[in-house]
Protein chains: 2
Amino acid sequence: MTVTLADVAARAQVSPATVSRVLNGNYPVAAATRERVLRAVDDLDYVLNGQASALAAATSDLVGILVNDIADPFFGIMAGAAQSQIGGPEGAGAGRAGGEKLAIVCNTGGSPERELTYLTLLQRQRAAAVILTGGAIEDPEHSAAVAAKLAKLADGGARVVLCGRPPLELPGGGEAVAAALAFDNRGGARRLTEHLLTLGHQRIAYVAGPVERTTTRHRLESHRDAMEAAGLGDAVDALTVHGPYDRRSGYDATLELLRREPALTAVVAANDTVALGACAALREQGRSIPDDVSVAGFDDLPFSADAMPALTTVRLPLHEAGARAGRLAMGREAAPAGGIATVPADLVVRGSTAAARG
Amino acid sequence: MTVTLADVAARAQVSPATVSRVLNGNYPVAAATRERVLRAVDDLDYVLNGQASALAAATSDLVGILVNDIADPFFGIMAGAAQSQIGGPEGAGAGRAGGEKLAIVCNTGGSPERELTYLTLLQRQRAAAVILTGGAIEDPEHSAAVAAKLAKLADGGARVVLCGRPPLELPGGGEAVAAALAFDNRGGARRLTEHLLTLGHQRIAYVAGPVERTTTRHRLESHRDAMEAAGLGDAVDALTVHGPYDRRSGYDATLELLRREPALTAVVAANDTVALGACAALREQGRSIPDDVSVAGFDDLPFSADAMPALTTVRLPLHEAGARAGRLAMGREAAPAGGIATVPADLVVRGSTAAARG
DNA sequence: CTGTTAGCGCGTTCAT
DNA sequence: ATGAACGCGCTAACAG
């Protein structure tokens, strides 16, 4: 039924080995023979069997990209950029065999179990590389399990790259990853809160992400640091609410925060999506942005510039970081010194923040 | 180096065949033996080799999901929903072997070549199923190539599902797809334009998607039909501009349309993202929404409700459609009658549209 | 430059 | 209920 290498060999009147050599282009083959073989391939509509090839050569052309939420552009942008550096055979001849890698995006939905499951599945497929994007879950047991899996993956020859995820701190985990691109969440968050303080805000509420996430913690801690430096540290806890990274969370949390502190003059959100929800809640409560209340987000997703007013936020170069992660995974770029590179997070001031009232 | 089935067998003092049977759970195995085997698996940290397994069994556990733009939530939502029906082993035992499928998202970036390349890669991996999402490119040659590939994929045992893509019209293509979920783009677009007509609008501009896309054509044609039914068909061409499905396109196109017809009172956009760009352009030109100009989108992405004013649009049940596509791909749901199901597209009226001035 | 010979790691008969 | 043997489709040595 399905045509195999042997069929091609028979039709081209050569040995299977020769066909393999033509397809992989690693060994010298006479031009005339190569022609015959390629014609046979076309005639028969032959397609290489990936599994058999991978099994025999003990290498795979799969590259896994793990994301927490594929419906969130934050991850979509990084994944797309990474994939563009991996899957992309621009030229012709795409129909035949060749060294193209298959970049596959795996959506964990933020679930630790699924993260591990995907890692196992990837390991089972003997993935050539694995890219983990976004914040990690901070449960020690889970971290250990992930570190162990990554170590095994690396042991099996897979290149492991972290993108927007802090380097593993566990024993055995550090050596496993080829490179880590860490967003400067701390610096960005600090600059953002300082910006608001400079504008005269004092009652600043904070809508944080899920508690157990590294991203959440880093951003929140820096916010607190900045507040403490301004002598406002005591109020932070009472004016902080945690929730998922979605619009609804921003909406609900903001209503709650308004209840706690009706006189608040600024809301800092865990990310832009959450900030949008916060804006909706504030407007519903009759507060105008930024006249009554300033709002700020994080990430600078494309829609942030289109919000009304445009969102003040912290820009993360998601596309660049994703692309770099892709190149690192392909071994097309040298790992940064120490294996860790910090990705800048720059403050972007737009219309949603203004001087505090009064 | 890497531990194989044989190693496990040796440690458990059984034959490789027995280990295989335990792992796959398809044949009766004595409870005691099974225990020994499982313990050996754990002890050795054995992980099944996916390629070898697939090769021997002539089946694969890969399911491909093709998307045009992974950074666009339109696709992210569908892909995530589909994946949730495929990859999801909720229970325990995720570490071992098992029938879990690996759902992999492939980003074509809207490029026909990459679409074909991914299809080939998937074919090479002997994918168990393939889901194609979103509008198709209308180039006949490309369509034929895709149809041929899909036919071959199906021939090789892969289940092919279309989600948000119109059924193939080509010979041999129709039989290849197991099921097609087609969005009611025509009906939705018609209702949307009728809504504006009812509000008294006459000079309605249209920012269409890329010319060669089915989605674009269907939505535009229905818009034209509605306009013609209202005796306004003549103006349609002059007030239509094509562009990609992104914010910038909406922005640029709207500026151009305002130049062509300064007195326009409504702008219909190809989708919500484009609509946002249109809003930005209008505001920049000093037009208020919806007092001066009404704006409408399509898709009802999450951020549409948060725009200011909230966007009138056409709701596509992306999550539901994606999930259904996932189930169809897994064979967990019977194909609809005739292999084609129409997914409803309902008008959602919000604040961005209002009665025409004057 | 090309053909021959062995496996890669596992599933699956066929025996027992 | 279990083991032995064969083959899935391909690549990689080794000859020649």
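A note on names: the letters A, B, ... follow the listed sequences, proteins ahead of strands, and every chain is numbered from 1.
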Using side-chain heavy atoms (C-beta onward) and a distance below 4.5 Å, is B:V67 in contact with B:L132?
no
Any side-chain heavy-atom pair from A:L181 and A:L162 closer than 4.5 angstrom?
no
Closest approach of B:Y46 and B:V3, non-hydrogen atoms and distance?
CD1-O, 3.4 Å
Once you round to the nearest 0.5 Å, how far does [atom1] of [X] lie from [atom2] of [Y]?
| X | Y | atom1 | atom2 | value |
| --- | --- | --- | --- | --- |
| B:R324 | B:E333 | CZ | CD | 5.0 Å |
| B:S20 | B:L5 | OG | CG | 6.0 Å |
| A:D155 | A:K149 | CG | NZ | 12.0 Å |

Short N-O contact, A:E115 and A:R165, less than 4.0 angstrom
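Looking at A:E115 and A:R165, the cut-off is met.
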For the pair A:I70 and B:I70, evaluate side-chain contact (heavy atoms from CB on, under 4.5 Å) and give the outcome as yes or no after the intermediate values.
CA-CA 8 Å; A:I70 198 177; B:I70 199 177; 4.3 Å; yes
Could you walk me through whether B:Q125 and A:D61 pass side-chain hydrogen bond (donor to acceptor under 3.5 Å, both in side chains), step by step?
CA-CA 10 Å; B:Q125 298 295 331; A:D61 47 4; 3.2 Å; yes
Indicate for each nucleotide in nucleotides 8-16 of chain C, in 5' to 3' sequence, whether protein heavy atoms under 4.0 Å reach the base (B), only the sugar-phosphate (S), or nothing (-).
BBBSBB---
For DNA chain D, produce a single dot-bracket line, 5' to 3'. Pairs: Watson-Crick or G-U wobble, both distances under 3.5 Å. Symbols: ( ) within strand, [ ] crossing, | other strand, . unpaired.
||||||||||||||||
Name the first nucleotide and the last nucleotide along DNA chain D (5' to 3') that come under 4.0 Å of a heavy atom in chain B.
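Under 4.0 Å from chain B, the extent on DNA chain D is D:dA1 to D:dG9.
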Checking B:T18 against B:S15: is there a side-chain donor and acceptor pair closer than 3.5 Å?
yes
Please confirm whether the shortest side-chain N or O distance from A:T33 to OP1 or OP2 of C:dC1 is below 4.0 Å.
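So the side chain of A:T33 is outside the cut-off, no N or O lying under 4.0 Å from OP1 or OP2 of C:dC1.
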